[in-house]
Enquirer: 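Please read through the structure below; I'll follow up with questions.
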Amino acid sequence: MSLAAGQQRTFLRLLLQLRPHWRNDLALPARIQALLARNRSFGSSDRRLYRELIYTTLRYLPWIEPLMDGEPERAVRAAAWLAADLPPVRRLRAALLPDWPPCPPTVTERAAFLGATAGVLPEWFRAHCPEAFQPEETDALLARAPLWLRLQGEEIGNIAKVAAEFDARGWSWQRSEVVSSAFRLPADADATKTDAYREGRIEVQDLGSQLVLESIGIEPGGRWLDACAGAGGKSLQLATLLGVDGHVDAHDVRAEALAELARRAERGRFRNITPLTTPPSGDYDGVLVDAPCSGSGTWRRAPHLKWTTTPGQIEEQGRRQLALLGKFGAHVRPGGRLVYATCSLSRRENQEVAAAFLATQPDFAPEPLGRTFGFSSRRGELTVLPARHETDGFFVASFRRRR
């Protein structure tokens, strides 16, 4: 049996093991990781190959899943043709697809070649975000997510030392045109193995996530609350923007997330972040509510969410998000700022939640944003769509407390 034939059989076996779960398991990435780790015969190249083919299958599930029943070999070929251009994928393509043309850049052209008619986004989502169905946005949501990094500490504004290490590793890098401290690496580069990461000079953070706080126009100094801090990506960025005279209280209900935040803060030598294991008290100059959400803005890196998320779940998220805004908005001092953010593209979780909050909280008013990065903005709101700057999708709304 040839190497390519063996890889084809192995990939189909992996898909059959995952198929019962890929429309109902929100933790599917962990299942995929465990499945690949259990196969002790896999080397690192094998894991990269099968991970990319599996995630490609999830991105194009309505095209590939029907082929598994009647044309399994074509299912493998379609996944290999659609997958990102990684070295192990290129080798498999060369063996399996000698007569196939290069994969074209748009989803329309890909569908025409494969004879696919099904949509690659859930049709019910059109009412939530019609912009996602514009060809350039659909293309972006189907692409492999880029790897964005953020300079921090003494490296802000001085990429030379970090770049020298990446150059030595043979990694091409590209600086963001809209945020000077942001730059991207090839998606398969492991930045966490670098001296720059170990010494806290860089953090992995999607550019769209960075744009949320960059859009606000945060003044140095002041006391802020990151109310749903998680592992602290935005807490670290917020602490950087506030500077040494500012302070961030980082709150989350998950102790393990705050422990990771503390490790990241220590690595970056931050002294102006305090993890809060108890509910916050008192008033703040600013409060960030980066609320839990459906994650529809992250479909390019978490494509299983397209098929496991339901409209009912999004409606429930909206109710929880509104409650969080009311709860933590109470900690904003008169004249202070309240920032609402999600990694969702659904209007039910974004504009409608912001409008409902304003309708019930007369002390708050929309606050104009400092920067919009080429996106349209109204009422202090901004939706970061993926195609313009090669990001995940995000939403941010800014309010000021009048009294």
Side-chain angles (χ1 to χ4, degrees), residues 4 7-8 11-12 14-16 18-19 22-23 28 32 49-86 88-90 92-146 187 294-311 345-346 385-393:
Q7 290 173 330
Q8 180 173 261
F11 174 52
L12 283 171
L14 293 172
L15 287 188
L16 289 173
L18 293 170
R19 190 175 186 179
W22 60 34
R23 292 186 183 274
L28 191 66
I32 293 169
L49 171 65
Y50 297 128
R51 183 180 294 110
E52 178 58 30
L53 293 177
I54 289 168
Y55 274 83
T56 298
T57 298
L58 295 173
R59 290 187 179 101
Y60 294 91
L61 196 59
W63 294 4
I64 296 176
E65 186 176 29
L67 297 175
M68 292 174 57
D69 296 322
E71 301 177 87
E73 292 185 358
R74 184 169 174 79
V76 176
R77 286 173 167 79
W81 187 68
L82 293 163
D85 193 32
L86 305 179
V89 175
R90 285 199 297 271
L92 180 62
R93 274 201 292 250
L96 292 183
L97 312 174
D99 301 325
W100 287 43
C103 188
T106 70
V107 65
T108 302
E109 294 170 296
R110 296 168 198 163
F113 177 77
L114 293 174
T117 57
V120 286
L121 300 179
E123 186 57 33
W124 60 262
F125 195 66
R126 191 181 296 273
H128 292 243
C129 183
E131 297 87 350
F133 291 79
Q134 296 173 356
E136 66 275 13
E137 296 300 340
T138 302
D139 292 341
L141 284 168
L142 287 172
R144 196 169 191 253
S294 67
S296 55
T298 69
W299 281 353
R300 63 191 306 171
R301 70 181 68 248
H304 69 293
L305 293 178
K306 290 191 289 186
W307 319 119
T308 57
T309 303
T310 68
L345 291 174
S346 170
L385 294 167
R388 181 179 293 272
H389 300 300
E390 273 293 290
T391 66
D392 286 345

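The first residue of the sequence shown is numbered 1, and numbering continues consecutively from there.
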Enquirer: Mind running side chain to side chain contact (heavy atoms under 4.5 Å, CB included) on Val120 and Trp299 for me, showing each step along the way?
Expert: CA-CA 11 Å; Val120 286; Trp299 281 353; over 6 Å; no
Enquirer: Nearest heavy-atom pair of Ala4 and Leu96: which atoms, and what distance?
Expert: CB-CD2, 4.1 Å
Enquirer: Minimum heavy-atom separation for Thr138 and Ala132, please, with both atom names.
Expert: OG1-O, 2.7 Å
Enquirer: Roughly how far apart are Arg144 CZ and Leu142 CG, rounded to 0.5 Å?
Expert: 14.5 Å
Enquirer: For the residue pair His128 and Phe125, does the interplanar ring angle fall in the parallel (under 30°), tilted (30 to 60°) or perpendicular (over 60°) class?
Expert: parallel
Enquirer: Test Arg110 against Asp139 for salt bridge (charged side-chain N to carboxylate O under 4.0 Å, His left out), laying out the working first.
Expert: CA-CA 10 Å; Arg110 296 168 198 163; Asp139 292 341; 5.2 Å; no
Enquirer: Using atom types as modelled and distance alone, determine if a side-chain donor or acceptor of Lys306 lies under 3.5 Å from a backbone N or O of Arg59.
Expert: yes
Enquirer: Fit a plane to each ring of Tyr50 and Phe11, take the angle between them on a 0 to 90° scale, and name the class: parallel (under 30°), tilted (30 to 60°) or perpendicular (over 60°).
Expert: parallel
Enquirer: Without swapping roles, check the side chain of Thr298 against the backbone of Arg301 for a donor-acceptor pair under 3.5 Å.
Expert: no
Enquirer: Going by the side chain to side chain contact (heavy atoms under 4.5 Å, CB included) test, name the single residue among Ile54, Ile32, Leu28 that passes it with Trp22.
Expert: Leu28
Enquirer: Would you give the length of the straight line joining atom CG of Leu141 to atom CD of Gln134, rounded to the nearest 0.5 angstrom?
Expert: 11.0 Å
Enquirer: Heavy atoms only: give me the nearest Val89-Ala83 pair and the separation to one decimal.
Expert: CG1-CB, 3.9 Å
Enquirer: Using the rule given for salt bridge (charged side-chain N to carboxylate O under 4.0 Å, His left out), can you reason through Arg300 versus Glu390, listing the C-alpha separation, both sets of side-chain angles and the distance that settles it, and then say yes or no?
Expert: CA-CA 10 Å; Arg300 63 191 306 171; Glu390 273 293 290; 3.3 Å; yes
Enquirer: Could you check Ser296 against Leu305 for side chain to side chain contact (heavy atoms under 4.5 Å, CB included), going step by step and ending with a plain yes or no?
Expert: CA-CA 7 Å; Ser296 55; Leu305 293 178; over 6 Å; no
Enquirer: Could you pull out the closest heavy-atom pair between Leu92 and Ala80, with the gap in Å?
Expert: CD2-CB, 4.3 Å
Enquirer: Taking atom CD of Glu65 and atom OG1 of Thr57, what is their separation to the nearest 0.5 Å?
Expert: 10.0 Å
Enquirer: Leu61 and Arg23: side chain to side chain contact (heavy atoms under 4.5 Å, CB included), yes or no, with the steps?
Expert: CA-CA 10 Å; Leu61 196 59; Arg23 292 186 183 274; 3.7 Å; yes
Enquirer: Starting at CG of Leu82, measure out to CZ of Arg93 and round the result to the nearest 0.5 Å.
Expert: 9.0 Å
Enquirer: Taking the side chain as C-beta and beyond, is there a heavy-atom pair between Arg77 and Gln8 under 4.5 Å?
Expert: yes
Enquirer: Might you point out which heavy atoms bring Pro98 and Ala95 nearest each other, and give the distance in Å?
Expert: CD-O, 3.9 Å
Enquirer: Pro386 and Ala140: which non-hydrogen atoms are nearest, and at how many Å?
Expert: CB-CB, 4.0 Å
Enquirer: Hey, is the main chain of Pro62 close enough, under 3.5 Å, to the side chain of Trp307 for a donor-acceptor pair?
Expert: no
Enquirer: Going from CD on Glu137 to CG on Leu385, what distance comes out if it is rounded to the nearest 0.5 angstrom?
Expert: 4.5 Å
Enquirer: Report the C-alpha distance between Leu14 and Leu53 in whole Å, list the side-chain angles of each, state the deciding distance to 0.1 Å, and finish with yes or no for side chain to side chain contact (heavy atoms under 4.5 Å, CB included).
Expert: CA-CA 10 Å; Leu14 293 172; Leu53 293 177; over 6 Å; no
Enquirer: Rounded at 0.5 Å granularity, tell me how far CZ in Arg74 sits from CH2 in Trp81.
Expert: 9.0 Å
